[in-house]
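In what follows, a single structure is set out as structure tokens and then discussed.
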2 protein chains.
Amino acid sequence: MRAVTLTDRDRAETLVERTGARVTRQRVEVLKILLAAPRALTHHEIEQRAHRGPRMDRVTIYRVLEWLTANGLAHKIAGDDRVWRFNAAEGHGRTHAHFHCSDCGEVICLDEVAAARNLRLPQGYRSQELELTVRGLCAACRPARRAPPAARHRH
Amino acid sequence: MRAVTLTDRDRAETLVERTGARVTRQRVEVLKILLAAPRALTHHEIEQRAHRGPRMDRVTIYRVLEWLTANGLAHKIAGDDRVWRFNAAEGHGRTHAHFHCSDCGEVICLDEVAAARNLRLPQGYRSQELELTVRGLCAACRPARRAPPAARHRH
DNA sequence: GCAGTCCTGCAACTCTGTTGCATTAGACCG
DNA sequence: CGGTCTAATGCAACAGAGTTGCAGGACTGC
Ligand SMILES: [Mn+2]
Ligand SMILES: [Mn+2]
Ligand SMILES: [Zn+2]
Ligand SMILES: [Zn+2]
């Protein structure tokens, strides 16, 4: 996790302002946390980071995340563990790729997608959005080639 | 949903036998249901179909699905509604595509994937499996072009 | 058939996310 | 600034999918 810079808070505030809706401490704080994260965060992880500042209710965090997603400031990824993960949606288009670690569950966004374009759908189906999921092992979980494996990390 | 043919039951039984583990009524029944389905089914849908035969506990169905998945006979898809969907894994490889209807939640497998092959991962990450998710509207949910929309279907 | 093990049923539980409602605090106006 | 109007928050209770522990039942191999 990168240190939270002043820039993240400012960027968060600006982005929330731009929507035209109310700029609340909670919205700015959650977006700031997402902007500072190098990977997608669960509600749980966001809550922990948020509890360093003034009180914020779990339900509020859920509602803020929903709001950020609806306003295109965050996006929401279904994991293999029934838990949503979120990250700031800076410049994420309709076509998108994610890496899921099959061991620790870490999820990161992948920038480039050489996406399958000419994909055949059944008669009458219409495509709106493509998402490519790569499942595998992250650098921390990948077994070492001949050295003994490092201690497992869990987020 | 296609009619359950004798072939589905036989195929299910054969597939379960081949694993070398115990051939139970419950395993065969669940796999048969998956083989007969034209799309991925939720636990709930499987339960309903299963209740036409002799009693089978919900927990057993969860455990059978887990077992089928672990043995490569079924595969498990995370939806946008926090519900797992399953289908028989006949000939599904490491690279795979699904269509998710954003209106009714229907999930189907797409056969061909012109998958992104030369995809850049961060240093040290290893890819095991690719999955392409297409989100859109299924034929039933797609708004009619000029006629009034048909009654919504819900599964 | 019999023993041994794996699987099933049942009940209680966990965990993530949701809903209803009273209270608080942004935004806007003067 | 201070008042007002409304959207957002906090709190408590709830919902639903999936999990766990354990006793009893049913496959399989002999
Ligand atoms: Mn992303
Ligand atoms: Mn599939
Ligand atoms: Zn990992
Ligand atoms: Zn649909």
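Hydrogens, waters and symmetry mates play no part in the numbers below; they use all other heavy atoms, side chains included. Every chain is numbered from 1, with letters handed out A, B, ... down the list of sequences.
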Qualifying residue, where the test is ring-ring contact (aromatic ring centres under 6.0 Å, His included) with A:H43 and the options are A:Y62, A:F86, A:W84: A:Y62
B:H100 and B:H98: side chain donor to acceptor below 3.5 Å: no
N or O in side chain of A:R27 less than 4.0 angstrom from D:dA8 OP1/OP2: yes
Interatomic distance where CD belongs to A:E47 and P belongs to C:dG17 [whole Å]: 11 Å
Inter-residue atom distance A:L31.CG - A:E13.CD, 0.5 Å rounding: 10.5 Å
Any N/O donor-acceptor pair, A:R55 side-chain to D:dG10 base, under 3.5 Å: no
Distance below 4.0 Å between A:Q26 side-chain N/O and C:dA25 OP1 or OP2: no
Side-chain ion pair, B:R58 and B:E47, N-O less than 4.0 Å: no
Residue met sooner reading DNA chain D from 5', once B:H43 and A:V64 are mapped to nucleotides: A:V64
Distance-only donor-acceptor test, B:R22 side-chain atoms vs C:dC7 base atoms, 3.5 Å: no
B:R63 with B:E66: basic N within carboxylate O range, under 4.0 Å: no
Distance in angstrom units between A:I46 CD1 and C:dT16 P, rounded: 13 Å
N/O donor-acceptor pair, side chain A:R82 with base C:dG17, under 3.5 angstrom: no
Residue A:Y62, side-chain atoms from C-beta onward, closest of D:dG18, C:dT16, C:dG20: C:dT16
B:T60 side chain near C:dG9 phosphate (N/O to OP1/OP2, under 4.0 Å): yes
Rounded distance (Å) that lies between atom C1' of C:dC15 and atom CD of A:E45: 15 Å
Length of the CD1-C1' vector between B:I61 and D:dG18, whole Å: 13 Å
Whole-Å distance separating the CZ atom of B:R63 from the P atom of D:dA17: 18 Å
Selected nucleotide, minimal atom distance to B:W84 side chain, candidates D:dA8, C:dG20, D:dG18: D:dG18
Atom-to-atom span, CZ of B:R85 to C1' of D:dG18 - whole angstrom: 15 Å
Nucleotide D:dA17, atom P - distance to CZ of B:F86 in whole Å: 13 Å
Rounded distance in Å - CZ (A:R58) to P (C:dT19): 13 Å
Under-4.0 Å side-chain N/O to phosphate OP1/OP2 contact, A:T24 with D:dT9: yes
First encountered from the 5' end of DNA chain D, between B:A21 and B:V83: B:V83
Position toward the 5' end of DNA chain C (nearest nucleotide), A:K76 or B:W67: B:W67
